[in-house]
Amino acid sequence: MAAEQRKQMKITGLETDLLKPPPGPPIYDALQALEVDLGTVVLRIRTDAGITGWASSSFGNRGEGARVVQSILEHEVKPVILGKDPAFPRGIRAELWKALNYHGVTGVGQFALAATDIALWDILGKSAGLPVYKMLGAYRDRMPVYSMCGWYYDHDEDLAQFKREITEAVAQGYKAFKIKVGKYSLDDDVRRIQLAFDVVGKDHRLMVDANQVFDRKEALQRGRVYQEMGCYWFEEPLPPHDMEGFAMLAQALDIRIATGENLNTRYEFADLIARKGADIVQPDNRRAGGVTEWMEIAAIADGYGVEVASHGGGNATNLNMLLAMPNAIYMEAGGPRRMIDGEVPAPTEPGMSSEVKAEEIRKYKVG
Ligand SMILES: [Mg+2]
């Protein structure tokens with residue numbers, strides 16, 4: 001392709017697929033059941049240079065959300081971006097914020113904005129012949145990863161499955177692990193933490209995640225126990241809007257406070273970070289915004305000495321962004337994957353490595 005042609009790129013089309021994968025056996029955190037109702041929207045943005053940018057956005061429950069995002073992409077995003085130069089992600093974001101203003105740029109609107117931005121960065125990487133982490137200014141070429149492996153399961157009163165899942169994560173090569181807490185009593189949390197440490201060993205990191213369910217007093221009382229037991233971070237102790245509660249907790253506890261998977265945009269993160277409400281922020285690349293917004297959040301955090309970890313299933317988008325930030329400490333993941341000493345190697349393909357396999361689309365497409 002002629003270099004001149006790439007400089008003149010224009011967006012010529014937007015296509016989506018709605019996928020409905022079958023539900024899996026339910027897994028639970030303290031707040032919700034996951035895997036019970038799934039939905040994914042796949043996005044392709046076409047250009048006149050013959051380069052197609054890909055993104056996908058998945059719902060772990062409330063799968064119909066994917067249909068709403070598809071509708072926003074097809075009816076509200078598409079008319080704004082057609083004819084635009086994909087090399088202007090910040091300009092396009094500003095126009096989309098105006099276009100989507102009536103129903104707002106948080107919630108499902110942000111899922112659509114984020115997917116658009118990720119697809120734009122895929123185009124830019126492919127156009128330059130570079131993986132996106134290099135386009136963003138790479139910091140490292142391997143990323144430490146941890147396994148979210150200790151959920152709540154049906155019929156698991158004796159914690160046999162809980163123990164089996166953590167044992168499997170150790171065998172898969174992970175060096176850091178996370179378990180859910182807060183669904184039942186503090187005694188139950190203690191039992192789970194002790195068992196997990198028995199499996200992974202005291203020299204490995206174990207994080208606990210309460211998925212928003214405590215009030216301030218309960219979070220403080222339980223946090224003191226998690227801290228005493230040697231847990232590495234205490235995630236989402238409070239509902240995401242309780243910024244003042246986060247500030248109180250981060251001040252009162254020595255254990256690292258991690259949160260952010262349910263915050264939208266750099267403005268909500270700036271509020272949390274300026275109040276010193278977290279030691280580690282965990283932007284989700286659907287709710288926090290796409291690559292552009294996520295990198296800005298990570299940079300704000302870096303300026304305040306706050307670390308960053310990704311939220312969600314350890315996909316290539318998260319990996320590309322984390323590799324470009326010096327304050328990134330972990331990618332969240334689960335299941336088997338290629339690792340070298342507990343770290344995931346950088347992607348080598350130009351672009352975002354965000355393409356969805358044709359086989360998967362054919363199998364689950366409903367719209
Ligand atoms: Mg979490």
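Both backbone and side-chain heavy atoms feed into the values below; hydrogens, waters and symmetry mates do not. Remember, it's 1-based here, ligands and their atoms both numbered in the order they're listed. Starting from 1, each residue takes its place in the sequence as its number. Since we're looking at a predicted model, the values are computed, not measured.
- In summary, Glu235 places an N/O/S atom under 2.8 Å from the Mg ion (ligand 1), meeting the contact criterion.
- Here Ser354 contributes atom OG and Leu43 contributes atom CG; the two are 9.0 Å apart, rounded to the nearest 0.5 Å.
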Counting only pairs under 3.5 Å, give me each side-chain donor-acceptor contact of residues 71-82, with atom names and distances, residues two or more places apart or in other chains.
| unit_1 | atom_1 | unit_2 | atom_2 | d |
| --- | --- | --- | --- | --- |
| Glu74 | OE2 | Thr16 | N | 3.4 |
| Glu74 | OE2 | Thr16 | OG1 | 2.5 |
| Glu76 | OE1 | His103 | NE2 | 2.7 |

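- Heavy atoms from other residues, nucleotides or ligands lying under 6.0 Å from NZ of Lys365 number more than 12.
- Thr116 places a side-chain N or O within donor-acceptor distance of the main-chain N or O of Ala112, the cut-off being under 3.5 Å.
- If you look at Asp209 and ask which of its N, O or S atoms sits nearest the Mg ion (ligand 1), the answer is OD2.
- One of the N, O or S atoms belonging to Glu261 lies under 2.8 Å away from the Mg ion (ligand 1).
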